[in-house]
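Read through the structure below, which is laid out as structure tokens, and then see the notes.
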Amino acid sequence: MLASALSASIVGVDGVPVRVEVDVAFGLPGMTIVGLAGSAVLEARERVRAALRNSGFEVPARRITINLAPADLPKEGTGHDLAMATAILVASDQLDPVGETGISGTALIGELALDGSLRAVPGVMALVSAARACGASAAIVPAEAAAEAAAVGGIRVHGAHRLGEVIRHLAGLEPLDPLEPPRRTDEPIPDDVVDIGSVVGHLVGRRTLEIAVAGRHNLAFSGPPGVGKTLLARAAAGLLPPLDEDEAAEVSRIRSVAGTADRGPLLPRRRPFRAPHHTISLQALVGGGPRVRPGEVSLAHRGALFLDETLQFRADALDALRGPLDSGSVTIARVERVLSLPARFMLLAAFNPCPCGWFGTRGRTCTCEDGARRRYHARLSGPIRDRLDLVVPLLPVASIGNGSVIEGSRAVAGRIAVAATRQRVRQGTANAELPPDRLDDRTGFDRRIRIGLDARARALGLSMRRVHRAARVARTIADLAGCDAVREEHLDEALAHRPQDGRE
Ligand SMILES: Nc1ncnc2c1ncn2[C@@H]1O[C@H](COP(=O)(O)OP(=O)(O)O)[C@@H](O)[C@H]1O
Ligand SMILES: [Mg+2]
């Protein structure tokens, strides 16, 4: 007899529905899985067989053929186990599902342990979203992933601990209660977040950080060791404006696929702030691996990626940031296909001005040779420098301060949130994501200011890319000032902090 069940596979960070078809026929007893199954899927044979037996069911002594459709989609992972086991039970008359649609309208997702218990798989949110998108009205998932699945919304979600529970639910004997979608809660600020109130001096540094975070522009701090670069950049974590609901779902889905332990709350409000160490591997930074996992650039999606000691990162790692910085996504080439993962983040960079760190600091002597200094700086050129919006040299602060706090993170974050809302209401995106053809009257660039921008671009010899970047920053400065129209003074401030590279 024939039966089919609904499951899903992960491709990148998205789910794709998979139909698990099972045929139980006379013939030599055995189980065959077809349909581009990866090794973990092929091993499902043994898991499903043992789980069925240890849950009190029979493994039919027939020829069992399992087809995973669509057949041209490579399938990885162990999440199809539950759908396979259930379809085998239907096809061998051991389960008679209640309801008109049988089991076809319910997504069955989860790995089976040999004793019949259900184990969570990565990416349950994306898997359940895919099932919802193809019309499923319910999903049964491992209990430990049920809250995550319920966060998808718009589909009934049941959590189960064992195969037996799932089968009794489908047979109408012991229905499992559906879960309520989780509510978004306010998250406390993590202890390691620097309050900008603890930064002494650095008025320009603070101001540019506020601008960068408000419009999600890319910002670099340079300066000698100990000047406070790391301190200031880390303060950004406490300034990022809250995620809206759609963004929160995106962030949760990526974390779910990554399967990281520090997953944070479901549907978070706090934007991601990722600060990988400079020794990180290329794969951990941009993602990849035998089973593609999102890297730091994707975990920073909708938030900030802080590369402390930027120039110590491997050259190929810095180069790999070019794609995400341009397109907001990262492409990973596989043998069989090219995957694209979301990676739209604001970049925070911090580096010393030269290998010894003291070049350009008054009262100190740089001991680097010219060549070494040039080579050091060359690492910043190209991929990163062209994509920075603001660069701020930090100078040593003259005094340790008088104990008075200029302004704490709460006040600054409040202004940033207002400026971020202005952007969302006006154009639906952060200013950093404004395409060049939208820098016009609709976004507050009237004819006069556009002519002014052109004139300055010519006078300063700026590239088109640089002009657009400065214009976006000016838009953010205007938003922080509560201005609908961008004015000359906003352009002045934006251009004052542009990266200087002699190639403009
Ligand atoms: N402007 C400042 N205000 C308060 N603390 C500072 C400041 N500059 C440096 N510090 C302190 O000095 C130490 C080194 O600062 P850090 O940010 O790590 O410097 P950098 O990254 O530039 O080498 C930190 O403990 C930091 O708290
Ligand atoms: Mg530092």
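Whatever order the structure lists them in is the order used to number ligands and atoms, beginning at 1. Here, residue 1 is the first one in the sequence, and each next residue gets the next number.
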Among all protein heavy atoms, pick out the one at the shortest distance from [atom]; state its residue, atom name and that distance to 0.1 Å.
atom	result
atom 19 (O) of ligand 1	Gly228 N, 3.2 Å
atom 10 (N) of ligand 1	Leu231 CD2, 4.1 Å
atom 3 (N) of ligand 1	Val200 N, 2.8 Å
atom 4 (C) of ligand 1	Ser198 O, 3.4 Å
atom 21 (O) of ligand 1	Thr230 OG1, 2.6 Å

Between [X] and [Y], does any side-chain N to carboxylate O distance fall below 4.0 Å?
X	Y	result
Asp192	Arg234	no
Arg450	Asp441	yes
Glu407	Arg415	yes
Asp446	Arg448	no
Asp81	Arg119	no
Glu493	Arg207	yes
Asp484	Arg422	yes

List ligand 1 atoms under 4.0 Å from [X], heavy atoms only on the residue side.
X	value
His202	1 (N)
Val199	3 (N)
Pro225	23 (O)
Val227	8 (N), 9 (C), 19 (O), 20 (P), 22 (O)

Report yes or no: does Gly201 have a heavy atom closer than 4.0 Å to ligand 1?
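It does not; every heavy atom stays at 4.0 Å or beyond.
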
Among the heavy atoms of Gly226, does any lie under 4.0 Å from an atom of ligand 1?
yes

Out of Lys229, Arg234, Arg206, who is nearest to atom 22 (O) of ligand 1 when you count heavy atoms only?
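The residue whose heavy atom sits nearest atom 22 (O) of ligand 1 is Lys229.
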
Sidechain-backbone polar pair: Thr78 side chain, Ala40 backbone, donor-acceptor under 3.5 Å
no

Considering only protein heavy atoms, determine whether one is less than 4.0 Å from atom 25 (O) of ligand 1.
no

